Amino acid sequence: MVIMYSSPVSLVELQLRSNALAGLTLGQIAAQLQLPVPANLQKDKGWVGQLLEQVLGASAGSKAEPDFPHLGVELKTLPIDRHGKPLESTYVCVAPLTGVAGQQWHESWVCRKLQHVLWVPILAERQIPLAERVVGSAFLWQPNSEQQRALQMDWEELMEKISLGGIADIRGAQGKLLQLRPKAANSKALTNAIGAHGEPIRTLPRGFYLKAGFTASLLQQQFG
DNA sequence: GAGTGATCATTA
DNA sequence: TAATGATCACTC
């Protein structure tokens with residue numbers, strides 16, 4: 001039994017708890033928490049993440065702070081295929097589109113959120129029913145100096161473009177590890193940004209995402 | 001609307 | 001088939 005709802009007190013405890021989940025199916029974990037498993041994720045896209053938050057004792061909610069505030073750790077589920085390859089990019093945080101002049105990398109949400117991440121791989125090929133998907137070996141990650149530099153470069157390029165009114169020209173392909181993509185309820189949800197001529201405009205909210213190739217390299221680094 | 005959790009689904 | 005752009009549900 002791995003029923004533990006309280007918040008982990010230490011990194012070691014968090015590791016122990018997450019290790020105890022390896023090999024369990026999402027259905028088994030949901031049963032422990034007495035939660036129903038949706039038929040699919042079409043209308044419950046955040047369900048897996050929220051399930052893991054609960055079983056690991058992360059502070060729930062929509063607060064703009066780490067999942068484990070006391071430990072400064074962010075929890076991320078990582079959907080992978082049978083070969084251990086990520087199936088999706090990983091959302092990091094929303095991107096500020098105004099008042100961004102003079103922002104420093106080390107003060108940014110991206111940097112802060114990625115300082116310490118608990119990655120929880122999930123075997124999540126679409127053909128596998130949600131309840132039968134298996135949790136893999138979770139691991140704690142902190143960016144090494146090389147990763148840190150590369151992330152900072154991407155971030156600075158993207159933020160410079162935003163601050164200079166180039167938001168409309170930024171596509172998902174820009175950036176090596178980090179990309180900027182829409183992050184909105186729908187195409188009608190708009191927010192303020194800076195236009196090509198410095199004028200205020202309305203545009204789709206954007207979020208920072210880690211490209212799947214980068215999270216693949218993290219898995220490689222961890223598991224060889 | 002902005003933030004949390006992400007995956008969906010069409011396009012290239 | 002991978003990746004980009006679009007979207008879903010929920011809280012505050």
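Basis for what follows: all heavy atoms, side chains included, without hydrogens, waters or symmetry-related copies. In what follows, every chain begins at residue 1, and chains take the letters A, B, ... in the order their sequences are listed. The structure presented is a predicted model; accordingly, all values stated were derived computationally and were not measured.
Remark: side-chain polar atoms of A:Lys211 are paired, donor with acceptor, to backbone N or O of A:Gly175 under 3.5 angstrom. When atom types are taken as modelled, the side chain of A:Asn19 and the backbone of A:Ala22 share no donor-acceptor pair closer than 3.5 angstrom. Using a distance-only test at 3.5 Å, with no hydrogens or angles considered, no donor-acceptor pair links the side chain of A:Gln127 to the main chain of A:Glu125. No donor-acceptor pair under 3.5 Å is formed between the side chain of A:Glu132 and the backbone N or O of A:Pro129.
Residues A:Leu118 and A:Asp67 form no side-chain contact, since every pair of their non-hydrogen atoms from C-beta on lies 4.5 Å or further apart.
Counting only N and O atoms by type, the side chains of A:Glu156 and A:Gln152 include a donor and acceptor under 3.5 Å apart. If you check the side chains of A:Gln148 and A:Gln115, you find a donor sitting under 3.5 Å from an acceptor.
Using a cut-off of 4.0 Å between Lys/Arg side-chain N and Asp/Glu carboxylate O, A:Glu157 and A:Lys161 are scored as not salt-bridged.
When rounded to the nearest whole Å, the span between CD of A:Glu74 and C1' of B:dG3 equals 12 Å. Regarding A:Leu41, its CG atom lies at a distance of 22 Å from the P atom of C:dA6, rounded to whole Å. Look at CG on A:Leu51: it is 20 Å from P on B:dT4, rounded to the nearest Å. Regarding A:Trp109, its CH2 atom lies at a distance of 11 Å from the P atom of B:dA2, rounded to whole Å. Between the CZ atom of A:Arg181 and the C1' atom of B:dA6 there is a distance of 10 Å, given to the nearest Å. For A:Leu35 and C:dC10, the CG to P distance is 14 Å, given to the nearest whole Å. One interatomic measurement links the two molecules: CG of A:Asn186 to C1' of B:dG1, which rounds to 12 Å at whole-angstrom precision. Nucleotide B:dA6 holds its P atom 13 Å from the CH2 atom of A:Trp47, rounded to whole Å.
A:Gly46 comes within 4.0 angstrom of a nucleotide base, judged by non-hydrogen atoms across all strands. Nucleic acid contact for A:Leu87: none, since no nucleic acid atom lies under 4.0 Å from a heavy atom of the residue. Among the protein residues, A:Ala212 comes within range of no part of the nucleic acid, since none of its heavy atoms lies under 4.0 Å from any strand.
The side chain of A:Lys43 has C:dC8 as its nearest neighbour among C:dC8, C:dT7, B:dG3. The A:Ser187 side chain lies nearest to C:dT7 when the options are C:dT7, C:dT4, B:dA6. Comparing B:dA2, B:dT4, C:dT7 by their closest approach to the side chain of A:Thr191 singles out B:dA2. Nearest nucleotide to the A:Ala173 side chain, out of C:dT4, C:dA9, B:dA6: C:dT4.
Phosphate proximity of C:dA3 to A:Ser89: absent, as no side-chain N or O sits under 4.0 Å from OP1 or OP2. For A:Lys113 and B:dG3, the shortest distance from a side-chain N or O to OP1 or OP2 is not below 4.0 Å. Side-chain N/O atoms of A:Tyr91 include one lying less than 4.0 angstrom from OP1 or OP2 on B:dT4. Between A:Lys211 and the phosphate of C:dA2, there is no side-chain N or O to OP1/OP2 separation shorter than 4.0 Å.
The base of B:dT4 sits with one of its N or O atoms less than 3.5 Å from a complementary donor or acceptor on the side chain of A:Lys183. Between the base of B:dA6 and the side chain of A:Tyr209 there is a donor-acceptor pair shorter than 3.5 Å.
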What does the list of N/O pairs under 3.5 Å between the protein and nucleotides 9-12 of chain B look like, with a distance for each?
residue, atom, partner, partner atom, Å
B:dA9, OP1, A:Gln42, NE2, 3.1
B:dA9, OP2, A:Gln42, NE2, 3.1
B:dA9, N7, A:Arg126, NH2, 3.4

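One axis for each end of the helix from B:dG1-C:dC12 to B:dA12-C:dT1, each built from five base pairs, and the angle between them comes to 30° at 10° resolution.
Note: A:Phe214 and A:Trp141 have perpendicular aromatic rings, judged against thresholds of 30 and 60 degrees for the angle between ring planes.
Taking CG of A:Leu21 as the reference point, atom CD1 of A:Ile29 lies at 4.5 Å (rounded to 0.5 Å).
Clustering ILVMFWY residues whenever any of their side-chain heavy atoms sit less than 4.5 angstrom apart, transitively, puts A:Trp47 in a cluster other than the one holding A:Tyr91.
A residue-by-residue look at A:Gly172 and A:Lys85 shows that A:Lys85 has its nearest nucleotide of DNA chain C further toward the 5' end. Nearer the 5' end of DNA chain B, as judged by each residue's closest nucleotide, is the contact made by A:Pro205, out of A:Pro205 and A:Leu75.
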